[in-house]
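Quick caveat, the model's predicted, so the values are computed rather than measured. Residue numbering restarts at 1 for every chain, and letters A, B, ... go by the order of the sequence lines.
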2 protein chains.
Amino acid sequence: MGFAETFKALSDPVRRDILVLLKQGSLSAGEIGSHFDMTGATISYHLNILKKADLIFENRQKNFIYYELNVSVVEEVMLWLAELKGGNEHEA
Amino acid sequence: MGFAETFKALSDPVRRDILVLLKQGSLSAGEIGSHFDMTGATISYHLNILKKADLIFENRQKNFIYYELNVSVVEEVMLWLAELKGGNEHEA
DNA sequence: CAGGTATTTAGAAAAAATTCTAAATACCTC
DNA sequence: GAGGTATTTAGAATTTTTTCTAAATACCTG
C-alpha cells in the first residue's frame with residue numbers, strides 16, 4: 001500500500017515485464033506465464049507481489065483469473081518521482 | 001545503466017530517503033550518514049548503489065565527497081512509467 | 001459428483017541484498 | 001612526513017527474495 005511495496009514490486013525485471021504485457025489489456029495467469037520460462041507457481045508469486053502493491057488487480061471469470069494493470073498507482077509513483085525532481089515544494 | 005539497476009536502487013527505503021535529502025542540495029557522505037542510524041560503511045554501500053544506477057553523482061572537494069541528485073535519470077524513470085500507463089505507442 | 005483445467009499455497013533450497021566490524025585508502029593540515 | 005578526519009573496501013553474519021516441486025483449492029462441464 002505504500003511506496004515501499006510499490007517500488008519493491010517494480011524492482012524485479014519479471015514483474016516489470018508482466019506489467020508491460022498487461023499494458024495491452026488483461027491476461028489470465030496462464031497466458032502471462034506462457035511468456036516466461038518459469039513455473040506457474042513462480043508466476044503466481046510475482047502476481048501476488050504486484051497485487052499487494054496495487055499495481056494490478058484481478059478479475060475472475062469462469063475458472064480463469066484475469067489480471068489488469070492499475071494505472072492509478074503508476075501515476076502515484078510518477079508523482080513521487082516528479083516531486084523528487086521538482087524539489088522545494090515545502091518551502092516558505 | 002539500465003532500468004533494472006535504477007528500479008532496484010529505488011526499491012530500498014534508505015536509498016529513497018537519501019534521494020529525498022539530496023533534493024534540497026548536495027551533501028557529503030558524512031552529512032547523509034548523520035540522518036540515519038547506520039554505520040558509515042552501510043551508507044557508503046547505499047551511495048554506491050545509487051551511483052551505479054546514475055541516480056546520484058559525486059563531487060570531490062578537499063577531503064569530502066559531496067553527492068548530488070541526478071535529475072535526468074529520475075526523468076527517464078518517469079518516462080518509462082508514462083509509457084507503461086500510456087499504452088499503445090507502437091501501434092499502426 | 002467425477003474428472004479436468006487453472007491457479008495458488010506450503011515448504012525447502014538457492015541466490016541476492018543488507019548490515020556490521022575492522023582495516024584500508026585518500027587527502028588535508030601542521 | 002605525522003597525525004587526523006572522511007570515506008570506502010573486505011569479509012562475514014543475517015535477512016530477504018526468488019525459484020522450484022508437490023500438494024491443495026477453486027471452479028467448470030458432462
Task: Polar side-chain atom of A/S26 near backbone of A/L22 as donor-acceptor pair, under 3.5 Å - done: no

TODO: Return the set of residues passing salt bridge (Lys or Arg N to Asp or Glu O under 4.0 Å) with A/E58 (not counting sequence neighbours), or none when no residue passes.
DONE: A/K51, A/R60

TODO: Using a heavy-atom cut-off of under 4.0 Å over every strand shown, decide if B/Y67 touches base, sugar-phosphate, or nothing.
DONE: sugar-phosphate

Open item on the list: Counting C-beta onward and ignoring hydrogens, is there a side-chain heavy-atom pair between A/L19 and A/K23 closer than 4.5 Å?
Closed with: no

Open item on the list: Strictly below 4.0 Å: does B/S28 bring a side-chain N or O up to OP1 or OP2 of D/dA6?
Closed with: no

Task: Contacts of type side chain to side chain contact (heavy atoms under 4.5 Å, CB included), residue A/L21, not counting sequence neighbours - done: A/L27, A/H35, A/F36

Task: Which residues share a side-chain hydrogen bond (donor to acceptor under 3.5 Å, both in side chains) with A/S34, sequence neighbours left out - done: none

Task: Per-nucleotide protein contact string for nucleotides 9-20 of chain C (B base, S sugar-phosphate only, - none; heavy atom under 4.0 Å) - done: B-------SBBB

Task: Test item: A/E31 side-chain N/O and A/S28 main-chain N/O as donor-acceptor pair under 3.5 Å - done: yes

TODO: Apply side-chain hydrogen bond (donor to acceptor under 3.5 Å, both in side chains) to A/S44 and list each qualifying residue two or more places apart in sequence or on a separate chain.
DONE: none

- [ ] Rounded to 10°, tell me the angle between the two end axes of the helix from C/dC1-D/dG30 to C/dC30-D/dG1, each built from five pairs.
- [x] 30°

Open item on the list: At under 4.0 Å between heavy atoms, how does the protein contact nucleotides 25-30 of chain D? Give one character per nucleotide, 5' to 3', with B, S or -.
Closed with: --BSS-

- [ ] Report the distance from atom CD1 of B/I43 to atom C1' of D/dT7, rounded to the nearest whole Å.
- [x] 12 Å

Open item on the list: Going by salt bridge (Lys or Arg N to Asp or Glu O under 4.0 Å), name the pairs with one or both residues in residues 6-15 of chain B, residues two or more places apart or in two chains.
Closed with: none

Task: Length of the line joining A/I18:CD1 and C/dT7:P, which is rounded to integer Å - done: 13 Å

Open item on the list: If the condition is side chain to side chain contact (heavy atoms under 4.5 Å, CB included), which residues does A/N59 pass it with, not counting sequence neighbours?
Closed with: A/Q61, A/Y66, A/E68

Open item on the list: I need the CG-P distance between A/N59 and C/dT7, as an integer number of Å.
Closed with: 13 Å

Open item on the list: Rounding to an integer number of Å, can you tell me how far A/F7 CZ sits from D/dT17 P?
Closed with: 16 Å

Open item on the list: Please enumerate all residues that pass ring-ring contact (aromatic ring centres under 6.0 Å, His included) together with B/Y45, with sequence neighbours excluded.
Closed with: none

Task: Pairing residues for A/N70 by the side-chain hydrogen bond (donor to acceptor under 3.5 Å, both in side chains) criterion, not counting sequence neighbours - done: A/S72

